[in-house]
Participant: 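Here it is, the structure in full.
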Amino acid sequence: MNKTIVALDFSTKEEVLNFLSGFNEPIYVKIGMELTYACGLAIVSEVRALGHHIFLDLKLHDIPNTVKGGMKNLVKLDVDIVNLHCAGGVAMMKAAMQGLNEGAVNGKRPLCIGVTQLTSTSKEAMNDELRIDGEVIDCVVNYAKNAKEAGLDGVVCSVYEARAIHEACGNDFLTVTPGIRLADDSKDDQERVATPTFAKEEGCNHIVVGRSITNASNPQQTYLDIEAMMQ
Ligand code: C5P
């Protein structure tokens, strides 16, 4: 089942509760650094207590031992998905999985996915600033293969890379794609953007949608419209 994960990129608890109060059923949300740094990790438990499913998007990237310890503690939050940057390397990703498995409660741990190249990164920025040669898709598929080797459950990528990742890593390897925009939306700071319909056609497992929903005049209806496009 394809899920639409709503990015709760708000800075206050009031905005979050107000936004979520418009939904009659639990939804899948993404809590990232903006909200966590504003409200602390307590916000995760509060949203969880409302019954919503949580992708905790803290994008860990540090030496293996530190990421292992961080992940071991994140398990206690009982979220559904956590993530890290694939750029940290295979040893870091393996350590993350060790931390998650050691921290698992009753054998249950969150899914762990790796951020490949941010959807705000263009080929030019990747080549000229990051000094990674070649096409974005080659870098992204390489990161995905590393993530799979390290035992991760999937990756974060753009819609344009999902098909190649499934070919390289199998259909069970999750692709979670931000950079989603409705046809008339501004792409804002994102680069590799695509519509929900195209995401479905390309076989993306779950999409992450922030501003196209949170800035809409009727966010709940826009969410339902996007959900319908993904089914
Ligand atoms: O508002 P918008 O739909 O662009 O929000 C996308 C969300 O997905 C943001 O919370 C951003 O941090 C996150 N994200 C992303 N690209 C990645 C990984 C995460 O845009 N590669």
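As the structure is a prediction and not an experimental result, all values here were calculated from the model. First listed ligand is number 1; within each ligand, the first listed atom is number 1.
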Participant: Can you pull out the closest protein heavy atom to atom 3 (O) of ligand 1? Residue, atom name and distance to 0.1 Å, please.
Facilitator: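 Sorting protein heavy atoms by distance from atom 3 (O) of ligand 1 puts G210 N, 2.8 Å first.
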Participant: Any salt bridge between K145 and E149, counting N to O under 4.0 Å?
Facilitator: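 Salt bridge flag = no for E149 with K145.
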Participant: Can you tell me which residue and heavy atom of the protein come closest to atom 11 (C) of ligand 1, and the distance to 0.1 Å?
Facilitator: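 Protein heavy atom at minimum distance: K30 NZ, 4.0 Å.
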Participant: Tell me whether the count of non-hydrogen atoms from other residues, nucleotides or ligands lying under 6.0 Å of CG in D189 goes above 12.
Facilitator: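 Yes.
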Participant: Any heavy atom of M33 sitting closer than 4.0 Å to ligand 1?
Facilitator: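 No, that is not the case, since the closest heavy atom of the residue is not under 4.0 Å from the ligand.
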Participant: For ligand 1, which atoms, with element, lie under 4.0 Å from some heavy atom of R211?
Facilitator: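 By the 4.0 Å cutoff, the relevant atoms are 1 (O), 2 (P), 3 (O), 4 (O).
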Participant: As an exercise, identify every atom of ligand 1 less than 4.0 angstrom from a heavy atom of D9.
Facilitator: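 Those qualifying, in numeric order: 9 (C), 10 (O).
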Participant: Give a yes or no on whether Q231 atom CD has more than 12 heavy-atom contacts from other residues, nucleotides or ligands under 6.0 Å away.
Facilitator: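 Count over threshold, so yes.
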Participant: Mark yes when over 12 heavy atoms from residues, nucleotides or ligands other than K59 sit less than 6.0 Å from its NZ; otherwise mark no.
Facilitator: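 Yes, NZ of K59 has more than 12 neighbouring heavy atoms, counting only those of other groups under 6.0 Å.
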Participant: To check your reading of the model: name the closest protein heavy atom to atom 20 (O) of ligand 1, its residue, and the distance in Å.
Facilitator: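 Scanning the protein heavy atoms, the shortest distance from atom 20 (O) of ligand 1 goes to Q190 NE2, 2.8 Å.
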Participant: Among the clusters formed by ILVMFWY side chains lying less than 4.5 Å apart, do L50 and I81 turn up in the same one?
Facilitator: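 Unlinked, L50 and I81 end up in two clusters.
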Participant: Under 4.0 Å from a heavy atom of P178: give me the atoms of ligand 1 that qualify, with their elements.
Facilitator: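 Selected atoms, number and element: 8 (O), 14 (N), 15 (C), 16 (N), 17 (C), 18 (C), 19 (C), 20 (O).
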Participant: Should you measure from each heavy atom of K59, which atoms of ligand 1 turn up under 4.0 Å away?
Facilitator: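 Answer, ordered by atom number: 12 (O), 18 (C), 19 (C).
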Participant: Using a 4.0 Å heavy-atom threshold (strictly under), name the region of T119 that reaches ligand 1: side chain, backbone, both or neither.
Facilitator: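 Near ligand 1, T119 shows its backbone as well as its side chain.
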Participant: Does a salt bridge link D188 with R181, judged by any charged N lying under 4.0 Å from a carboxylate O?
Facilitator: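 Salt bridge: yes.
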Participant: For ligand 1, is there an atom lying under 4.0 Å from some heavy atom of E34?
Facilitator: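 No; E34 lies far enough from ligand 1 that no heavy-atom distance drops under 4.0 Å.
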Participant: What do you reckon, does L118 put a non-hydrogen atom under 4.0 Å from ligand 1?
Facilitator: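 Checking ligand 1 against L118, which is what was asked, there is a heavy-atom contact under 4.0 Å.
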Participant: When you check the side-chain N and O atoms of E191 and S122, is any donor under 3.5 Å from an acceptor?
Facilitator: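 E191 vs S122: no donor-acceptor pair found between side chains.
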Participant: What protein heavy atom is closest to atom 2 (P) of ligand 1, reported as residue, atom name and distance in Å?
Facilitator: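 Ranked first by proximity to atom 2 (P) of ligand 1 is R181 NH1, 3.6 Å.
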Participant: With the 4.5 Å side-chain cut-off for hydrophobic clustering, are I113 and V141 part of the same group?
Facilitator: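 No: no chain of side-chain contacts under 4.5 Å links I113 to V141.
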